Visitor: 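What follows is a single structure, and I will ask about it in a moment.
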Amino acid sequence: AYAAEISTAARTYGVDEWLVRAIIHAESDFNPNALSYKGARGLMQLMPATAARFGVQNAFAAGDNISGGVQYLSFLSRRYNGDVKLIAAAYNAGEANVDRYGGVPPFAETLRYVDRVGTLAQRYRAGK
């Protein structure tokens with residue numbers, strides 16, 4: 001699903017497609033209309049502030065959402081030297097929490113999320 005949008009954004013922002021797919025799968029299960037109780041929106045579950053930070057006009061529009069989410073992943077990848085665990089932790093809990101704890105924060109939700117993204121990333125990287 002959303003292969004063209006994912007491929008274009010991944011190439012444009014230098015992020016591996018398997019990581020984008022793993023994040024989308026973990027965040028929304030590829031549901032472009034997903035809305036969390038905290039207000040995260042769309043495929044990559046962008047919070048309004050994150051969407052604004054990366055120029056997303058409509059977080060429910062798949063192309064905009066993926067572009068903004070992949071820009072954020074690119075930023076996190078540079079910040080955390082490509083460490084998928086830290087990228088996933090920051091995507092879930094925020095950069096401030098990863099920095100505060102010097103790694104993956106000890107929040108149950110974040111620990112589960114990091115494990116899930118890691119498992120999904122392995123599957124997508126292997127083409128499964």
Side-chain angles (χ1 to χ4, degrees):
Y2 307 102
E5 294 92 337
I6 291 169
S7 179
T8 298
R11 267 194 326 275
T12 300
Y13 300 110
V15 176
D16 290 313
E17 286 187 43
W18 53 262
L19 179 58
V20 177
R21 290 184 186 288
I23 294 289
I24 291 173
H25 192 149
E27 288 289 340
S28 69
D29 200 23
F30 290 89
N31 177 359
N33 299 312
L35 177 63
S36 80
Y37 70 93
K38 291 184 180 180
R41 296 172 165 95
L43 288 165
M44 297 192 77
Q45 289 291 277
L46 300 177
M47 293 297 287
T50 303
R53 179 178 173 187
F54 293 101
V56 175
Q57 297 296 314
N58 180 357
F60 291 109
D64 282 354
N65 188 285
I66 290 169
S67 178
V70 174
Q71 285 180 72
Y72 188 35
L73 288 175
S74 178
F75 168 82
L76 293 174
S77 184
R78 289 188 306 275
R79 184 173 180 147
Y80 298 112
N81 298 312
D83 184 320
V84 174
K85 285 186 177 188
L86 295 181
I87 294 166
Y91 200 93
N92 177 263
E95 302 137 56
N97 281 316
V98 171
D99 296 344
R100 180 179 308 129
Y101 289 97
V104 177
F107 311 143
E109 174 188 331
T110 302
L111 293 169
R112 283 190 306 273
Y113 182 83
V114 168
D115 284 345
R116 179 153 170 73
V117 168
T119 298
L120 291 166
Q122 287 177 344
R123 288 182 193 163
Y124 284 113
R125 195 179 325 186
K128 296 179 182 177

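Note that the structure is a prediction, hence the values are computed from the model and not measured. In what follows, residues are counted from 1 in the order of the sequence shown.
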Visitor: Please state whether the rings of H25 and F30 are parallel, tilted or perpendicular, taking 30° and 60° as the class boundaries.
Guide: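 Because their plane-to-plane angle is over 60°, the rings of H25 and F30 count as perpendicular.
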Visitor: Is there a chain of hydrophobic side chains (I, L, V, M, F, W, Y, each step under 4.5 Å between heavy atoms) that links F75 to L19?
Guide: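 As far as the 4.5 Å side-chain criterion goes, L19 and F75 are connected within one cluster.
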Visitor: Distance-only criterion, 3.5 Å: show the donor-acceptor pairs between side-chain atoms of residues 38-55 and protein atoms not counting sequence neighbours.
Guide:
{"residue": "R41", "atom": "NH1", "partner": "G39", "partner atom": "O", "Å": "3.2"}
{"residue": "Q45", "atom": "NE2", "partner": "A34", "partner atom": "O", "Å": "3.2"}
{"residue": "Q45", "atom": "NE2", "partner": "G42", "partner atom": "O", "Å": "2.8"}
{"residue": "R53", "atom": "NH1", "partner": "E95", "partner atom": "OE2", "Å": "3.0"}

Visitor: Kindly work out whether a path of hydrophobic side-chain contacts (I/L/V/M/F/W/Y, heavy atoms less than 4.5 Å apart) joins Y2 to Y72.
Guide: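 As far as the 4.5 Å side-chain criterion goes, Y72 and Y2 are connected within one cluster.
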Visitor: Kindly work out whether a path of hydrophobic side-chain contacts (I/L/V/M/F/W/Y, heavy atoms less than 4.5 Å apart) joins V70 to F60.
Guide: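 Result: no, two separate clusters.
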Visitor: Indicate yes or no: at least one non-hydrogen side-chain atom of Y113 is less than 4.5 angstrom from one of Y91.
Guide: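 Heavy-atom side-chain distance check passes, below 4.5 Å.
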Visitor: Would you say D64's side chain and A59's backbone share a donor-acceptor pair under 3.5 angstrom?
Guide: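 No; zero donor-acceptor contacts below 3.5 Å.
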Visitor: Just how far is it from atom CD1 of I66 to atom CG of L73, taken to the nearest 0.5 Å?
Guide: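 Going from the CD1 atom of I66 to the CG atom of L73 covers 11.0 Å.
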Visitor: Just so I know, are the side chains of V104 and V98 near enough to count as touching, which here means a heavy-atom distance under 4.5 Å?
Guide: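 Counting from C-beta outward, V104 and V98 never come under 4.5 Å.
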Visitor: Check the pair D16, Y124 against side-chain contact (heavy atoms from CB on, under 4.5 Å), reporting the backbone distance first and the verdict last.
Guide: CA-CA 10 Å; D16 290 313; Y124 284 113; over 6 Å; no
Visitor: Donor-acceptor pair, N81 side chain versus D83 backbone, under 3.5 Å?
Guide: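 Not at all, since once roles are kept as given, no pair shorter than 3.5 Å links the two residues.
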Visitor: Hey, is the main chain of G63 close enough, under 3.5 Å, to the side chain of S67 for a donor-acceptor pair?
Guide: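 No, the answer is negative, given that no donor and acceptor are paired below the 3.5 Å cut-off.
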Visitor: Roughly how far apart are L111 CG and K85 NZ, rounded to 0.5 Å?
Guide: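 Taking CG in L111 and NZ in K85, the distance rounds to 10.0 Å.
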Visitor: Please check if L35 and I24 belong to a single hydrophobic cluster, counting links between Ile, Leu, Val, Met, Phe, Trp and Tyr side chain heavy atoms closer than 4.5 Å.
Guide: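 Different clusters.
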Visitor: Show the nearest heavy-atom pair for residues E17 and S7, with the distance to one decimal.
Guide: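 That closest heavy-atom pairing would be OE2-OG, 3.3 Å.
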Visitor: Any idea which heavy atoms bring P105 and T110 closest together, and the distance?
Guide: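 Scanning both residues completely, I find the closest heavy atoms to be CD-CG2, 4.0 Å.
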Visitor: Please determine whether side-chain contact (heavy atoms from CB on, under 4.5 Å) holds for the pair N97 and F107, giving the CA-CA distance in whole Å, both sets of side-chain angles, and the decisive distance to 0.1 Å.
Guide: CA-CA 10 Å; N97 281 316; F107 311 143; 3.7 Å; yes
Visitor: Measure the CD-CZ distance between E27 and R116 for me, rounded to the nearest 0.5 Å.
Guide: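 The CD atom of E27 sits 10.0 Å away from the CZ atom of R116.
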Visitor: Among I6, V84, I23, find the residue that satisfies the side chain to side chain contact (heavy atoms under 4.5 Å, CB included) test when tested with W18.
Guide: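 Of all the options given, the one that passes is V84.
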Visitor: Would a 4.5 Å heavy-atom cut-off, applied to side chains only, mark Y80 and D99 as touching?
Guide: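 When only atoms from C-beta onward are counted, D99 and Y80 do touch, with a gap below 4.5 Å.
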Visitor: State whether the side chain of S74 and the backbone N or O of Y13 hold a donor-acceptor pair below 3.5 Å, judged by distance alone.
Guide: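 Yes.
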